[in-house]
Amino acid sequence: MSKLTSTQIAWRAAQDIADGAYVNLGIGFPEMVAKFQPPGRQAIFHTENGILGFGEAPAAGSEDWDLINAGKKAVTIKPGTAFFHHADSFAMVRGGHLDVAILGAYEVAETGDLANWSTGPKGVPAVGGAMDLVHGAKRVAVITDHVTKDGKPKLVKTCTLPLTGVGCVTRVYTSLAVVDVQDGRFVLREKLAALSFDELQSMTGATLYIDGDVADLTVPEL
Amino acid sequence: MSKLTSTQIAWRAAQDIADGAYVNLGIGFPEMVAKFQPPGRQAIFHTENGILGFGEAPAAGSEDWDLINAGKKAVTIKPGTAFFHHADSFAMVRGGHLDVAILGAYEVAETGDLANWSTGPKGVPAVGGAMDLVHGAKRVAVITDHVTKDGKPKLVKTCTLPLTGVGCVTRVYTSLAVVDVQDGRFVLREKLAALSFDELQSMTGATLYIDGDVADLTVPEL
Amino acid sequence: MDKTLPDLAAAVAGIEDGMTVMIGGFGGSGAPIELVHALIDRFLATGHPKNLTVVNNNAGNGHVGLAALIEQGMVAKLICSFPRSADPRVFTDAYLAGKIELELVPQGTLAERIRAGGAGIPAFYTPTSFGTDLAKGKPVEEFEGRAYVQERWLKADYALVKADRGDTLGNLTYRMAARNFGPLMCMAARTAIVQVSALVEPGSIDPETVVTPGIFVQGIVQVANPAQEEDLNRANARYPEDAA
Amino acid sequence: MDKTLPDLAAAVAGIEDGMTVMIGGFGGSGAPIELVHALIDRFLATGHPKNLTVVNNNAGNGHVGLAALIEQGMVAKLICSFPRSADPRVFTDAYLAGKIELELVPQGTLAERIRAGGAGIPAFYTPTSFGTDLAKGKPVEEFEGRAYVQERWLKADYALVKADRGDTLGNLTYRMAARNFGPLMCMAARTAIVQVSALVEPGSIDPETVVTPGIFVQGIVQVANPAQEEDLNRANARYPEDAA
């Protein structure tokens, strides 16, 4: 059975972003979501380091290193961009002004708890804006492979890794399914057509509930 | 015995303002202090409604009502003026960034308590920025007649009117004297030469202490 | 994504009975006179909205703007720092007659409470008002040897704000000291409605000079030559005009 | 009233052993490289300052700027949100060897703590970090049915900040996302020292576009063509150069 690529997961997540939505994409993999805005829709992207409404990456060699995103990658301005300082930036985050934040995850619990900043006490801990982003955005979505590289479930009953936030995730887009977090339960919304419910459940660390239709998770070749 | 006029009290207070000091003048009588900056010194005036470094009143008829001070009087800009919003403005106040605030008073207690916003439960209460200004400025000075219109002391042991702030006043410029508030006591620094210490004490509602020289309070005709 | 509203009536159409409405301005500077008068027009035509809680630094002046809103009996409660003005009769009479409730807040605390509402900070500590009547009933805590009062955030259903230039995404600049509470109220309101002197296309405002980023603005309407409250009062204006 | 400092050495001359120093920048954008290198020069010449507590969003990159400051052993403690970068070896080695203390703070909480320090707010409540390891030992309070963590202000003896234009009164503008923590750190430091690309006379900056009003700035020094940390790292630069 072929699972979705990271690019395809990002594509799927992008389909749920409304025209005009204010969106923060976590650094790394989630940044890919910006590429797949459906035709006719234009989200406005926020980055923690003080830009709203920035544009795509510039051509290599034409970067301006005062114009970067939270992942320290060069971006561009476009009509309607605004600059502001860090306290105003996180007022946008914490104050509930973002429509969607899309983040990566190590683990998501059925309660909506998220672990995505620390793999334990070894090494140098680093949190950045993750703990702020999980609070405030109207929807906090996660994009992730359904299981770890070792095949262990990432959707779990209780997170074992240090938490980023309690009860904060509302939807998870995985390589196999789209799952909502609702009243402390995982509710399956979409799954790959080739995958049976039981197969999916066996790769999930907590009970998957069904509430209404389960659609086929379909994405283009990318 | 001739006491100082309001104008002369304002003049005296102005002599203690250093070159480059950031100063907030309470609305009304304290606004007069700005006129008497000693030659060679230039204070930078702050107004609660979001201007730093504003200039004098414009000529009558050329007012711009978007360019007013906290007393709603028209002012002007000059080189180096900055505009900002109300939260930033009170960050300047509360955050200890002002060098001096000069306010009027109904009563000042020997503990530094100030009452200057309410004469009691009758009528409509109004506080404005007074309660913020008494905290944060490095020096909170009061300019006032030494006694009320009825001849009652305004420098008292304990305020009888509703407080603006506790232990906040550091110096009082009156129509008769200059008095510091120091360790819960009034310490006399200057008095009118024609006035004996006992006369001054009799018009003061708390003990006046002497700690070092008492200078003559001398001001020009204005 | 275009936040432009067709007219002033549309701009104030969503404000319902009992809502909390922040109104920008410090005295007359920054007062969104046309938005407030549009709200009065709606009330005169429909009887709504009423029982409003209004947040403003002051309590109106003369018989226009906020004073006119109070004069119509639309305001049940006012949260402000300084309910005095050159001509405060409308508020004073209503207050002394027990027709309007007043929550008096020190000006810096008012500004910070509004910012806190916009920034997702439910409470903070300030030295302001410690030991005074305005701190009564509020928690007090000591930090580093000094006592502070706990204050709570202030949010609103609507904000009515006057800016200078605005683009269709809601990015705003203000004019001099008319900025005052505008940027904070845009942050703290679920729906911030802004009247601008000039409505421009995105890209017309230098990104470095945007004061209110568009994320804080939900609706924008152009009022090309807005009235200045002070000028109206110097001309003894009333709203509506036939109320004289 | 002129806050201009004669040179970089004078700009950092007042920083003493054990002080808390906020250093602006988010990664390389806004990093005041020249001020930091001047501080290193002083340390190499005099052995001071050392045992600094540094506040920055990150922990340096490569072997220039903040990384070089850490590499010299001048930093006893770092307060930051994200001690990772393209080349974080200097901090990582020092940290794993127990040579530097780390206080990890969520980025928005870091920004708000610094603003609180500048605004005279000793403590505030935030939802950020509730229920996580980073909230351990901090007071928790419930407001309107939701739990919040109490965070404290952060102040500094000095701030070293990079701005774009500055006038001799200290009014500043920044360049794009290099703004980040600069305006906040200027507010929170007893002495804010700013390097500007262009030092101009009062009146040269439009009062509407001032980002940091001069009241928050104590010293200003011109560095006409400031280095960009990212460029230095792409060229494998080190500071001091002979340290290679």
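Order of the sequence lines sets the chain letters (A, B, ...), proteins ahead of strands, with each chain counted from 1.
Listed in order of number, the residues of residues 159-169 of chain D that approach chain B to under 4.5 Å between heavy atoms are Asp167(D), Leu169(D). Inspection of non-hydrogen atoms places no residue of residues 4-39 of chain D under 4.5 Å from chain B. Near-neighbour residues of residues 106-128 of chain D relative to chain B, defined by a heavy atom under 4.5 Å from a heavy atom of that chain, comprise Arg115(D), Gly118(D), Ala119(D), Gly120(D), Ile121(D).
Between Pro207(D) and Ile77(B), the shortest heavy-atom distance links the atoms CG-CD1, 4.3 Å. The minimum heavy-atom distance between Gly20(B) and Met1(D), with the atom names listed, is CA-CG, 3.1 Å. Counting all heavy atoms, side chain and backbone alike, Met187(D) lies closest to His97(B) at O-CE1, 2.9 Å.
Environment of NZ in Lys35(B): sparse, with no more than 12 heavy atoms of neighbouring residues, nucleotides or ligands closer than 6.0 Å. For NZ of Lys157(B), the number of neighbouring non-hydrogen atoms (other residues, nucleotides, ligands) closer than 6.0 Å is 12 at most. Heavy-atom neighbours of Glu56(B) CD from other residues, nucleotides or ligands within 6.0 Å: at or below the threshold of 12.
Interface remark: Lys3(D) contributes side-chain atoms only to the contact with chain B (heavy atom separation under 4.5 Å). Contact of Ala18(B) with chain D is not made at all, since no heavy-atom distance falls under 4.5 Å.
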Enumerate donor-acceptor pairs with a distance under 3.5 Å from any side-chain N or O in residues 210-225 of chain D to protein atoms, sequence neighbours excluded.
unit_1, atom_1, unit_2, atom_2, d
Thr212(D), OG1, Tyr174(D), OH, 2.8
Gln218(D), OE1, Ala192(D), N, 2.7
Gln222(D), OE1, Leu199(D), N, 3.0

